[in-house]
Number of protein chains: 2
Amino acid sequence: MSLPHAILTALLEKPSSGLELTRRFDRSFGYFWSATHQQIYRELGRLETDGLIRALPAEQPTRGQKKSYEVLPAGRAELARWTAASQDPKPHRDALLLRLRAAAVVGTAGLEADLRRHLELHERQLAEYQEIEKRDFPPGRDGTEDRLRHLVLQAGIDLETFWTQWLRRALADVAELPDGEATRPA
Amino acid sequence: MSLPHAILTALLEKPSSGLELTRRFDRSFGYFWSATHQQIYRELGRLETDGLIRALPAEQPTRGQKKSYEVLPAGRAELARWTAASQDPKPHRDALLLRLRAAAVVGTAGLEADLRRHLELHERQLAEYQEIEKRDFPPGRDGTEDRLRHLVLQAGIDLETFWTQWLRRALADVAELPDGEATRPA
DNA sequence: ACTGTTTATGCAACTAGTTGCACAAGGTGA
DNA sequence: TCACCTTGTGCAACTAGTTGCATAAACAGT
């Protein structure tokens with residue numbers, strides 16, 4: 001139940017259209033919350049119906065026209081309520097770790113290439129976050145908002161750093177394994 | 001589409017009943033895949049129907065009786081197929097990071113207590129994983145399966161370590177903030 | 001003008017995961 | 001022996017997220 005709150009947060013930071021939100025969720029927002037454009041449009045509709053946001057119609061709100069939204073007081077109140085409430089951590093699922101555990105019983109075929117692919121993805125992501133840090137958080141500025149947002153970005157950077165290191169280690173380990181079809185034959 | 005494969009992996013490591021699986025998914029398996037007992041029973045039914053696993057009926061398979069399952073060759077083949085295929089990383093969502101970002105616009109009320117609660121949870125989890133490591137992976141043993149499983153556990157340990165560190169830093173940062181109802185007044 | 005591509009919005013169907021509850025068997029204490 | 005608790009299995013309804021496709025306007029080339 002957090003997508004609406006993610007959208008409210010994004011809109012409070014800057015009123016946007018559906019597509020702009022999609023871009024932001026793909027980009028910087030993505031390191032803590034991701035969403036497809038279909039999800040976003042659907043949720044924007046709900047939030048508008050519920051009176052938490054409203055459209056800023058420039059001209060006619062037909063198809064093919066940009067439609068920007070802003071947060072209404074009720075929306076801000078709802079976000080504040082949600083933010084103040086304590087939440088239980090959601091269970092995590094990691095397909096890559098599961099795969100490695102599965103590989104321990106059915107063999108490591110094909111694993112190495114994919115570990116390498118993941119490593120590349122995480123390296124690219126890390127580089128991107130470091131770019132953002134350099135651009136958006138130069139040393140010296142430390143308003144409350146900046147501090148908190150920097151903290152969030154820092155988590156993203158540290159996580160990507162962790163994964164690149166772990167993957168390198170995993171690759172090194174997998175490389176010196178016998179790598180049969182199955183380690184414990186059927 | 002990974003729950004069936006998680007169950008196949010777990011059953012290959014050791015044939016189990018629904019409840020035993022539930023316990024394992026709550027415990028060590030939980031650091032890379034979690035599932036409720038309802039999910040597990042449902043999936044066991046499907047896997048049996050599909051001929052990937054079969055029940056080992058001790059007596060009568062009535063209600064209130066333990067019913068253990070083992071993986072059939074078709075199940076092992078399916079798991080091997082899945083493990084060898086490359087998969088795209090799933091998008092991640094982290095409610096805590098989202099909350100922090102939301103707190104940057106609607107205020108940090110209630111945040112500190114919850115960060116502290118999360119810190120405790122992660123510390124406890126970390127301690128538990130370290131226990132498991134000490135018990136299940138004493139230095140010296142390094143068969144292929146052990147190596148891979150240790151690698152997975154290591155990821156769990158390192159992730160929990162990361163979170164405890166990050167949360168301590170976040171707490172320190174939040175502590176010296178003005179902490180008004182909203183940092184940027186409505 | 002016409003064809004194709006990009007931008008922008010959106011619906012519908014499906015899959016995966018969660019929540020709430022039900023039911024049976026076996027043990028425990030009063 | 002009856003009431004209650006724990007263990008073990010399971011269904012049904014709901015919520016969240018994914019996938020596939022449709023539609024329309026704007027623009028670019030030919």
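Quick note on labels: first sequence line is chain A, next is B, and so on, each numbered from 1.
Distance A:D26 CG to C:dT7 P: 13 Å, rounded to the nearest Å. At whole-Å resolution of the value, OH in B:Y41 and P in C:dA22 are 18 Å apart. Put simply, CG on B:L19 is 5 Å from P on D:dG8, counting in whole angstrom units. In this structure, CZ of A:F25 is placed 15 Å from P of D:dA16, rounded to the nearest angstrom. Between B:R23 atom CZ and D:dT9 atom C1' there is a gap of 13 Å when expressed in whole angstrom units. Per the geometry, NE2 belonging to B:H92 stands 21 Å off P belonging to D:dA16, to the nearest Å. We find that CD1 of B:I40 is positioned 15 Å from P of D:dC11, with the value rounded to whole Å. Residue B:E43 contributes atom CD, which lies 13 Å from atom P of C:dT15 at whole-angstrom precision.
Side-chain N/O atoms of B:S16 and B:R24 include a donor and acceptor closer than 3.5 Å.
Of the possible donor and acceptor atoms, none in the side chain of A:R101 sits under 3.5 Å from a partner among the backbone N and O of B:A6.
Using a 4.0 Å cut-off between charged side-chain N and carboxylate O, B:R147 and A:E176 make a salt bridge. Looking at A:D136 and A:R149, no side-chain N of the basic residue comes within less than 4.0 Å of a carboxylate O on the acidic one, giving no salt bridge. A salt bridge between B:R81 and B:E78 is present, with a side-chain N of the basic residue lying under 4.0 Å from a carboxylate O of the acidic one. B:R117 and B:E120 are not joined by a salt bridge, as no carboxylate oxygen comes within less than 4.0 angstrom of a charged side-chain nitrogen.
A:S17 comes within 4.0 angstrom of the backbone, heavy atoms only, and of no base.
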Protein-nucleotides 18-21 of chain C N/O pairs under 3.5 Å:
unit_1: C:dT18; atom_1: OP2; unit_2: A:R93; atom_2: NH2; d: 2.9
unit_1: C:dT18; atom_1: OP2; unit_2: B:Q39; atom_2: OE1; d: 3.2
unit_1: C:dT18; atom_1: O4; unit_2: B:R42; atom_2: NH2; d: 2.6
unit_1: C:dG20; atom_1: O6; unit_2: B:Q38; atom_2: NE2; d: 3.1

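Nearest to the side-chain atoms of A:W33 among the listed nucleotides D:dG10, D:dG17, C:dA8 stands D:dG17. Out of C:dT9, C:dT15, D:dT9, the shortest distance to the side chain of B:M1 is found at C:dT15.
The ring pair (Phe, Tyr, Trp, His ring centres under 6.0 Å) contacts involving residues 84-113 of chain A comprise nothing, where partners must be two or more places apart or lie in separate chains.
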